[in-house]
Amino acid sequence: MIRPEQLKRVPVPASIPVSEIAGDVLEGLSRTPKSLPPKLLYDAEGSALFEQITCLPEYYPTRTEAAILMTHADEICSRLGKNVSVGELGAGTATKTRILLRSLLRRQFSVNYFPLDVSDAALKLAKDEVEKELQAVNVHPQIGDFEDLAFLELQARPRLVLYIGSSIGNLEHVDAITLLQNVAQHLSSGDQLLLGVDLVKDSGVMQAAYNDSAGITASFNKNLLIRINRELGGHFEPEAFYHVSFWNEAASRIELHLESARSQSVRVDALDTTIRFGQGERIHTENSYKYTLERLGDLLQHGGFQLEHTWTDPHCWFAVSLGVIK
Ligand code: SAH
Ligand code: AVI
């Protein structure tokens, strides 16, 4: 871990304000093998690129989950407590959330909705779009990290927490369980969690989703280097890195990497450091874990929730599960 006092010792050129990503970038690029936390993918440009990804023909998760929600929204809402308030982890632009909010408003007069996200650009869009369509939803955006869960206690009970979009798949198993346990600690008996996860399927289908023919996922991945250039005075040449994605069967995950096309040294002014890359050396930027229904059940149980029901699509590509705190 890089401590804040270590960062203060780095002489920063006056023209570059120290970005909050500095510690994560310094730590991740000093490691062997190099890696960066996936939450750094979501600056304003990254969030916009992710929105494009959700519309790609190869990227099945969003439309599959949306279809599950559209088919079963009324049944899902009938299983919720009366007059629920809704919190959401990693809400993004809340496009799919509106499917549930619409259905919820057929059962209650108004909804207090608390979307949490690190991306203020995505949250702003979420608030604008939800309020434009659904005037009876009061949106309370929470800009922050999954570590900042105190907002769940601002919600009136009973509470529903949404964690959809398979975003939990971007966490290591141990971190996924810890996050659910932290959520559970802020909830009370009867409060519920709606969790969306991507399921293991034909590897060709999964690989195509992360290596689309239009190259949007590659741009999403490389945007991380552009962000480091802008926020930390980095000198990365994005074209000197390849977008690499593949299915790691043993770990049940898709991996995203940025691979150095040649041996090169890259200066990052705000970190007062130069990062060396061998030809073919990679920065591991994201994992996207794919679950089985059995492992999804275990995840909920270890996270402190009792599984109530799981909905899937006809191909069993994606699952949405409702869990409750007993
Ligand atoms: N739920 C939406 C968006 C998924 S994209 C959907 O289903 O389409 C993942 C979202 O999680 C992004 O908007 C990203 O900014 C957010 N995110 C990623 N890591 C995060 C973290 N550690 N804390 C808070 N938000 C995070
Ligand atoms: C947000 N998350 C669930 C996406 C995924 O599928 O793992 C992020 C993503 N990365 C590349 N394409 C989409």
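Both ligands and their constituent atoms are indexed starting at 1 by order of listing. For the single chain, residues carry numbers from 1 onward in sequence order.
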Practice task
Mark up the atoms of ligand 2 that fall under 4.0 Å of a heavy atom belonging to G165, in ascending order.
Solution key: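 Within the 4.0 Å cut-off of G165, ligand 2 contributes 3 (C).
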
Contact check: [X] vs ligand 2, nitrogen or oxygen atoms, below 3.5 angstrom:
| X | value |
| --- | --- |
| T217 | no |
| K290 | no |
| S166 | no |
| S167 | no |
| N287 | no |

Look at the rings of [X] and [Y] and say which category their plane angle falls in: under 30° parallel, 30 to 60° tilted, over 60° perpendicular.
| X | Y | result |
| --- | --- | --- |
| Y291 | H173 | perpendicular |
| Y163 | F146 | perpendicular |
| F50 | F220 | tilted |

Fill in the blank from the handout: Quick look: Y289 vs ligand 2, heavy-atom contacts under 4.0 Å, and the answer is neither

Problem - L41, portion touching ligand 2 at heavy-atom distance under 4.0 Å - result: neither

Show the distances, to 0.1 Å, for all pairs joining an N/O atom of ligand 1 and a protein N/O atom that are shorter than 3.5 Å, listing one pair per line.
residue, atom, partner, partner atom, Å
ligand 1, 1 (N), G90, O, 2.8
ligand 1, 7 (O), K96, NZ, 2.6
ligand 1, 13 (O), D117, OD1, 3.2
ligand 1, 13 (O), D117, OD2, 2.7
ligand 1, 15 (O), D117, OD1, 2.5
ligand 1, 23 (N), F146, N, 3.1
ligand 1, 25 (N), V118, N, 3.3

